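These notes are about the structure you will find just below.
No experiment lies behind these values; they were computed from the predicted model shown. Read the numbers this way: they start at 1 and go in the same order the structure lists the ligands and their atoms.
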Amino acid sequence: MYTQGLDQKDKAAGATGQDDSAERLAAFQARIDADEKIEPKDWMPAAYRKTLIRQMSQHAHSEIVGMLPEGNWITRAPTLRRKAILLAKVQDEAGHGLYIYGATETLGVSRDELVADLLSGKAKYSSIFNYPTITWADVGAIGWLVDGAAIMNQIPLCRCSYGPYARSMIRVCKEESFHQRQGYEIMLTLCRGTEEQKRMAQDALERWWWPSLMMFGPGDANSSHSAQSMAWKIKRFSNDDLRQKFVDVTVPQAEYLGLRVPDDDLELDEETGHYRFGEIDWQEFIDVINGKGKCNRERLEARNKAHDEGAWVREAAQAYAEKVAAREAA
Ligand code: BYC
């Protein structure tokens, strides 16, 4: 369905190439200001299209690469029930990637180009998926913290100005809520278990807390895209605002679990009702997004291997499509 947008590529390039006149830009901004949705066949500035392709493709890649850290535990889930839930969750992430790739294709870029950029290492994906999952508690911490951060970021994207992206986020957010609850329930079970289980939960929180805060992106002062993306209502809140909201809802959840958030500067500001928290290690964030995280290499190798091993499926689908087309032509 979404690939129908591909036949608009030439027209779209023409429309965005020469025609970004002040008048057209003003009319476009007026539509955004009136909270109208922009649809694939509508005129849009070239830079709006480029920003969306960048953000949406990175988002889709994150969903797909995000299957790997948790996928690591499918064969080692502690019970049949946990295994069934984890399988469903990881499959949901694949679905999210596919909806968002589909929505990105409506902007006139092909799935093959997007995937090639991921596999070559040219395209970014979320920093969080470059950390290892070394114990079962990491599966709980990912659901609780990573999916929790993802919901905080994605609920406002349901109101994004670009229609296909906004609509794809509605189902994604419903599924992410279930993911967050299952992760929290794993943490709760561990925290009510033996001393050793509680230590595993604490250790996972210590390793995932700061990387989860980094998911929201650089601080507002260093966020190169935020101002324009907010003016276009692609983003509705700044990176720092969403990070603060996440801290405010998550700290009481950690307290309920009886776990300690690994931040000596964490303190509730009674006047504002917000938690003050310590400085994020931005050098670590920069290193991770530049390919120097613990698992960057492993993640790209895994995606490339899966792509190579799936070649026969693509070839078979292509051969079948050609056979059907030839039969119809005859
Ligand atoms: N990691 O100007 P800024 C999930 C880059 S998956 C890597 O603030 P923007 C899940 C940014 O791209 C959920 N790179 O950018 C799946 C830019 O670089 P470029 C993933 C990051 O776009 C499986 C530069 O830093 N969610 O939920 O305005 C299992 C400057 O940043 C990161 C999404 O993708 C990062 N964390 O704001 C479990 C949500 N942060 O492109 C769970 C959609 C920043 O100029 N994306 N960068 O080279 C967004 O909302 C926005 O793109 C961001 C960044 C808030 C992430």
* Structure fact -> The option among Ile289, Asp220, Asn130, Val288 carrying the non-hydrogen atom nearest to atom 14 (N) of ligand 1 is Ile289
* Asked: Among Glu63, Met67, Met230, Glu93, whose heavy atom sits nearest atom 29 (C) of ligand 1?
  -> Glu93
* To do: List the closest protein heavy-atom neighbour of atom 42 (C) of ligand 1: residue, atom name, distance to the nearest 0.1 Å.
  => Asp147 OD1, 3.6 Å
* Single hit among Gln180, Arg181, Lys89 for side-chain hydrogen bond (donor to acceptor under 3.5 Å, both in side chains) with Asp147 -> Lys89
* Structure fact -> Of all protein heavy atoms, the one nearest atom 5 (C) of ligand 1 is Lys124 CD, 4.0 Å
* Asked: What protein heavy atom is closest to atom 9 (P) of ligand 1, reported as residue, atom name and distance in Å?
  -> Lys235 NZ, 3.4 Å
* Nearest neighbour in protein (non-hydrogen) for atom 20 (C) of ligand 1 -> Ser62 CB, 3.7 Å
* With atoms numbered from 1 as shown, which atoms in ligand 1 lie under 4.0 angstrom from a non-hydrogen atom of Ser127? -> 1 (N), 7 (C), 35 (C), 36 (N)
* Asked: Under 4.0 Å from ligand 1, counting heavy atoms only, is it the side chain of Ile128, its backbone, both or neither?
  -> neither
* Asked: Does atom 16 (C) of ligand 1 have any protein heavy atom closer than 4.0 Å?
  -> yes
* Residue Tyr165 vicinity, atoms of ligand 1 by number, heavy atom under 4.0 Å -> 43 (C)
* In the protein, what heavy atom is nearest to atom 39 (C) of ligand 1, and what distance, to one decimal place, separates them? -> Asn153 OD1, 3.0 Å
* For ligand 1, which part of Met215 has a heavy atom less than 4.0 Å away: the side chain, the backbone, both, or neither? -> backbone
* Hey, can you tell me if Phe285 and Trp282 have their rings parallel, tilted or perpendicular (30° and 60° cut-offs)? => perpendicular
* Does a donor on one side chain and an acceptor on the other come within less than 3.5 Å for Gln244 and Asp248? -> yes
* Classify the contact between Phe216 and ligand 1 as side chain, backbone, both or neither, using a heavy-atom distance cut-off of under 4.0 Å. => backbone
* Asked: Looking only at N/O atoms, are Asn222 and ligand 1 under 3.5 Å apart anywhere?
  -> no
* Heavy atom of the protein closest to atom 21 (C) of ligand 1 (residue, atom name, distance) -> Phe285 CZ, 3.9 Å
* Over 12 non-hydrogen atoms of neighbours within 6.0 angstrom of CZ in Arg297 -> no
* Could you pull out, from Gly97, Pro69, Ala150, the option with a heavy atom nearest to atom 27 (O) of ligand 1? => Ala150
* Taking atom types as modelled, find out whether His59 and Glu63 have a side-chain donor-acceptor pair closer than 3.5 angstrom. => yes
* Closer than 4.0 angstrom: is that true for some heavy atom of His179 and an atom of ligand 1? -> no
* **Taking atom 40 (N) of ligand 1 as the reference point, the nearest protein heavy atom with its distance** => Gly217 CA, 3.2 Å
* When you check the side-chain N and O atoms of Glu93 and His179, is any donor under 3.5 Å from an acceptor? -> yes
* Measuring from the heavy atoms of Glu176, does anything fall under 4.0 Å of ligand 1? -> yes
* **Taking atom 12 (O) of ligand 1 as the reference point, the nearest protein heavy atom with its distance** => Gln58 OE1, 2.9 Å
